[in-house]
Amino acid sequence: MPRPFRESRDDHNKPHRPTPRDLRPDLRIFPTTLWEYPSQHYDSPAMREAQKKQRLQRGEEPRKIEIQGDAVVGSGSMQGDKDYVGATPSWVIWQLLSRYTRENDIVVDPMCGSGTTLDVCRDLKRNGVGFDLNPQRPEIQRNDSRKLPLEKDSVDFVFIDPPYSTHVEYSDDERCIGKLDSGGEDGGKAYYRAMEEVIREMHRVLKDRRYMGLYVSDSWRKKKNEKGSEFMPIGFELFSIMRKYFAPVDIISCVRHNKKLELGNWRKAAEEGNFFLRGFNYCFIMRKV
Ligand SMILES: C[S@@+](CC[C@H](N)C(=O)[O-])C[C@H]1O[C@@H](n2cnc3c(N)ncnc32)[C@H](O)[C@@H]1O
């Protein structure tokens, strides 16, 4: 049975100081519908080599891979930007592209943020095309994902990691879907209407019989100024919208081994308030038929 990632050699009774090796996921296709991964980023040997060469050409020392906080940093060990709040775990995109695309395929990310999808495309020799209202890199085009400047049936794969309601302030742009509440007074109508426009556009640009992946989490919050709480099943709602346009291929549960969820305050609040901390994200895989 393949292991999802390299485990620590320690037994669980002893405190273990993780090494970069413990925290990096193995780059091979994961066969089950539970994708567990230890780190936001994977280590790209090709990128590491290229960066090492560049540094040597500039007369600099090769940069060592090391741990900062719970992240591994150093040459080739990062995709996208770890400081971009809401960046997608690159390993999830790597799994999707490895299964559903081939070299030179055109891969589009309509909400590309810090460019994680573009970095994975580079590693796997796919042609990545990124859009975002708040582009973090020059190669990402500023664009509202409800209208993509692409021909119908022109793309081999689409990946998207949309805002999950209003958790993150991505930009001041009024068109940002992260300003729309997936619950609240209108019951999320504006959010789901906007997301349906995005999904319809993804369907338009995708070639027949090609695949897409949508990575998302549900949401829960305490109600402000009143008693009670609100659960927003964003995953199932978006899945039912996607089913109008696409055929379902599979649903993956993605789990990051996030030590922060074990921290005293979070844990205590969840126990005392009788609510759940978000422990997984969905990755919905769909096919245009
Ligand atoms: C979860 S983040 C995506 C993160 C990205 N995959 C990465 O790894 O950095 C969601 C992104 O959606 C973008 N966004 C929100 N509304 C948008 C819209 N209408 N059109 C295009 N991008 C939008 C935000 O600016 C934000 O970068």
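As the structure lists them, so they are numbered: ligands from 1, and atoms in each ligand from 1. Heavy-atom basis, side chains included; hydrogens, waters and symmetry copies ignored.
Between the side chains of D218 and Y282, at least one donor N or O sits under 3.5 Å from an acceptor N or O.
Ligand 1 is approached by N143 to a heavy-atom distance shorter than 4.0 Å. For the ligand labelled ligand 1, residue P110 lies inside the 4.0 Å heavy-atom shell. In this structure, C176 has a heavy atom closer than 4.0 Å to ligand 1.
For ligand 1, the atoms sitting less than 4.0 Å from at least one non-hydrogen atom of P163 are 12 (O), 15 (C), numbered in the order shown with element in parentheses. When each atom of ligand 1 is checked for a heavy atom of D144 under 4.0 Å away, the hits are 18 (C), 19 (N), 20 (N). Applying the 4.0 Å criterion to heavy atoms of A87 picks out, from ligand 1, the atoms 7 (C), 8 (O), 9 (O). Using a 4.0 Å cut-off to heavy atoms of R175, the atoms of ligand 1 that qualify are 19 (N). Close approach of ligand 1 to G86 is summarised as follows: ligand atoms under 4.0 Å from at least one heavy atom of the residue are 1 (C), 2 (S), 4 (C). In the vicinity of R146, heavy-atom distances shorter than 4.0 Å reach the ligand 1 atoms 19 (N).
Distance check, rounded to the nearest 0.5 Å: CZ of R210 to NE2 of H203 gives 14.5 Å. Here the straight-line distance linking atom CD1 of I140 with atom OG of S114 works out to 7.0 Å at 0.5 Å rounding. For the atom pair OG (S217) and OH (Y164), the distance works out to 6.5 Å, reported to the nearest 0.5 Å. We find the CD-CZ distance between E103 and R126 to be 6.0 Å, quoted to the nearest 0.5 Å.
Summary of contacts: the protein heavy atom closest to atom 8 (O) of ligand 1 is T116 OG1, 2.5 Å. For atom 22 (N) of ligand 1, the closest non-hydrogen atom on the protein side is L133 N, 3.3 Å. Looking from atom 10 (C) of ligand 1 to the surrounding protein, the closest heavy atom is D161 O, 3.4 Å. Nearest non-hydrogen protein atom to atom 11 (C) of ligand 1 is D132 OD2, 3.6 Å. S145 N, 2.9 Å is the protein heavy atom nearest to atom 20 (N) of ligand 1. Scanning the protein for heavy atoms near atom 16 (N) of ligand 1, the closest one is I177 N, 2.9 Å. Of all protein heavy atoms, the one closest to atom 27 (O) of ligand 1 is Y84 OH, 2.7 Å. For atom 6 (N) of ligand 1, the closest heavy atom belonging to the protein is T88 OG1, 2.7 Å.
When side chains are defined from C-beta on, L96 counts as touching I285, because their heavy atoms get closer than 4.5 Å. Between I106 and S154, every side-chain heavy-atom pair lies at or beyond the 4.5 Å cut-off.
For Y170, no nitrogen or oxygen atom sits less than 3.5 Å from a nitrogen or oxygen atom of ligand 1, counting backbone and side chain alike.
Both the backbone and the side chain of M111 come within 4.0 Å of ligand 1, judged by heavy-atom distances. In V198, neither the side chain nor the backbone holds a heavy atom less than 4.0 Å from any atom of ligand 1. Looking at Q136 against ligand 1, nothing comes within 4.0 Å, counting heavy atoms.
The residue from V92, V120, D123 that alone fulfils the side-chain contact (heavy atoms from CB on, under 4.5 Å) condition with L97 is V120. Only one option out of E201, M202, E196 pairs with V198 in a side-chain contact (heavy atoms from CB on, under 4.5 Å); it is M202.
Around the CG atom of D172, the shell of radius 6.0 Å holds no more than 12 heavy atoms that belong to other residues, nucleotides or ligands.
In this structure, the side chain of K288 does not engage the main chain of Y245 through any donor-acceptor pair within 3.5 Å. Formation of a donor-acceptor pair under 3.5 Å by the N134 side chain with backbone atoms of Y170 is found in this model.
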Go through the steps for D181 and R221 under the test salt bridge (charged side-chain N to carboxylate O under 4.0 Å, His left out), then give the verdict.
CA-CA 12 Å; D181 200 327; R221 69 171 163 225; 3.0 Å; yes

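When the heavy atoms of P89, G80, A194, S114 are ranked by distance to atom 9 (O) of ligand 1, first place goes to S114.
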